[in-house]
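The chain is numbered in sequence order, starting from 1.
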Amino acid sequence: MLDWEVIKFSFFNEDSLREVWPLLADGWWMTIKLCLAIVPLGFCFGVFLATVHSFHIRALNRGLVIFVDFFRSIPPLVLLIYVTYGLPFFGWDVPPFAAVLVAFTFNSGSYYGEIVRAGIESIPAGQMEAARSTGLTRVQAMIYVILPQALRNVAPDLTSNTIELIKATSIASVVALPELLRMGRVAQGLVYNATPLIAVAAIYLLMLWPMVRLLSRLERRMMSAR
């Protein structure tokens, strides 16, 4: 028979939560700063990769394919460890926050790039020709005509990838960055129960649930448009 008092003490301890809340709040703020930096950097890098690929320069595209496949094949945790503990051997002492930015920008940018590239390829070639006929350069046509349509076509995939990226920021705890999960584990060691980790899960839910609902809405809109 379940002892609800024991469950409450172990997982939903209000006194423990009040005691460690400042730690969790600091970790939450660090996670927010990570997301505000990583998501735009990864997205912009991905758009850059996809745009360069769309110019169909054969030698350059081969290099881009190797680059993208390489960073999509390496788990972000392994890449983060290499950046954090490998670069100092070459004389580059990278702080944990910068290491996370570098690792996640290359990893997420590769995924964003493939998504955006698929969106660009979904646009008929006549769109580029029509834009060029108005006097726009190829780059201007890509920015003002092709990319807006391409991003709209792959909006659900971009949103889904962003959700996964935000969740993946929790692995930054392995390099001692005081983000939400790490501070939750520190707090757990202070109060000797799982309440801080339950609070961490609830915070992630509050952060990501609106984006999950947005993703569902975008997917329904895309299906109805078809």
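- Partners of Tyr111 according to the ring pair (Phe, Tyr, Trp, His ring centres under 6.0 Å) rule, which considers only residues two or more places apart in sequence or in another chain, do not exist here.
- For CZ of Phe48, the number of neighbouring non-hydrogen atoms (other residues, nucleotides, ligands) closer than 6.0 Å is 12 at most.
- Using a 4.5 Å cut-off on side-chain heavy atoms (C-beta onward), Val116 and Leu147 make contact.
- Residues Phe11 and Tyr192 are members of separate hydrophobic clusters, defined by side-chain heavy-atom contacts under 4.5 angstrom among Ile, Leu, Val, Met, Phe, Trp and Tyr.
- Lys8 meets the side-chain hydrogen bond (donor to acceptor under 3.5 Å, both in side chains) test with no other residue; sequence neighbours excluded.
- For the atom pair CD1 (Ile32) and OG1 (Thr169), the distance works out to 10.5 Å, reported to the nearest 0.5 Å.
- Considering CG of Asp157 and OG1 of Thr162, their distance stands at 10.5 Å, rounded to 0.5 Å.
- For residues 117-133, the side-chain hydrogen bond (donor to acceptor under 3.5 Å, both in side chains) pairs, not counting sequence neighbours, are Glu114-Arg117, Arg117-Glu121, Ser122-Asn153, Gln127-Gln149.
- Thr105 places no side-chain N or O within 3.5 Å of a backbone atom of Val102 that could act as its donor or acceptor partner.
- Residues passing the side-chain contact (heavy atoms from CB on, under 4.5 Å) test with Trp21 are Leu17, Leu24, Ala25, Trp28, Ile203, sequence neighbours excluded.
- Every side-chain contact (heavy atoms from CB on, under 4.5 Å) that Asp15 has, sequence neighbours left out, goes to Asn13, Arg18.
- Hydrophobic clustering, with ILVMFWY side chains joined whenever heavy atoms are under 4.5 angstrom apart, keeps Phe90 apart from Phe106.
- Following chains of ILVMFWY side-chain contacts shorter than 4.5 Å, one cannot reach Ile198 starting from Leu206, and the two form parts of different hydrophobic clusters.
- Partners of Asn193 by side-chain hydrogen bond (donor to acceptor under 3.5 Å, both in side chains), not counting sequence neighbours, listed by chain and number: Ser16, Thr195.
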Got a list of side-chain donor-acceptor pairs under 3.5 Å for residues 173-190, not counting sequence neighbours?
from, atom 1, to, atom 2, distance (Å)
Ser173, OG, Ser170, O, 3.0
Glu179, OE1, Leu181, N, 3.0
Glu179, OE2, Leu181, N, 3.3
Glu179, OE2, Arg182, N, 2.7

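- Here the CD1 atom belonging to Ile120 is positioned 12.5 Å from the CD1 atom belonging to Ile115, to the nearest 0.5 angstrom.
- Here the CE-OG distance, from Met128 to Ser54, works out to 6.0 Å after rounding to the nearest 0.5 Å.
- Linking ILVMFWY side-chain heavy atoms closer than 4.5 Å, directly or via other members, places Phe89 and Tyr82 in two distinct hydrophobic clusters.
- Among all heavy-atom pairs drawn from Leu34 and Ala172, the shortest one is CD1-CB, 4.2 Å.
- Not a single donor-acceptor pair under 3.5 Å links the side chain of Ser160 to the backbone N or O of Pro156.
- Going from atom CZ of Arg138 over to atom CD1 of Ile146 covers 8.5 Å, rounded to the nearest 0.5 Å.
- In this structure, the ring pair (Phe, Tyr, Trp, His ring centres under 6.0 Å) partners of Tyr112, at least two apart in sequence or on a different chain, are Phe43.
- Using a 4.5 Å cut-off between side-chain heavy atoms of Ile, Leu, Val, Met, Phe, Trp and Tyr, with links allowed through other members, Ile166 and Leu36 fall into the same hydrophobic cluster.
- Atom CZ in Phe104 sits 8.5 Å away from atom CG in Leu79 (nearest 0.5 Å).
- Taking all atoms of both residues into account, the shortest heavy-atom contact from Cys35 to Pro40 is O-CD, 3.7 Å.
- In this view, Leu87 and Val83, Trp92, Val94 satisfy the side-chain contact (heavy atoms from CB on, under 4.5 Å) rule, not counting sequence neighbours.
- Checked against side-chain hydrogen bond (donor to acceptor under 3.5 Å, both in side chains), Thr137 has the following partners two or more places apart in sequence or in another chain: Gln140.
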Under 3.5 Å, sequence neighbours excluded: what are the donor-acceptor pairs made by side chains of residues 60-77?
from, atom 1, to, atom 2, distance (Å)
Asn61, ND2, His53, O, 3.2
Ser73, OG, Asp69, O, 2.6

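- Residues forming a side-chain contact (heavy atoms from CB on, under 4.5 Å) with Arg213 (at least two apart in sequence, or on another chain): Trp209, Ser216, Arg220.
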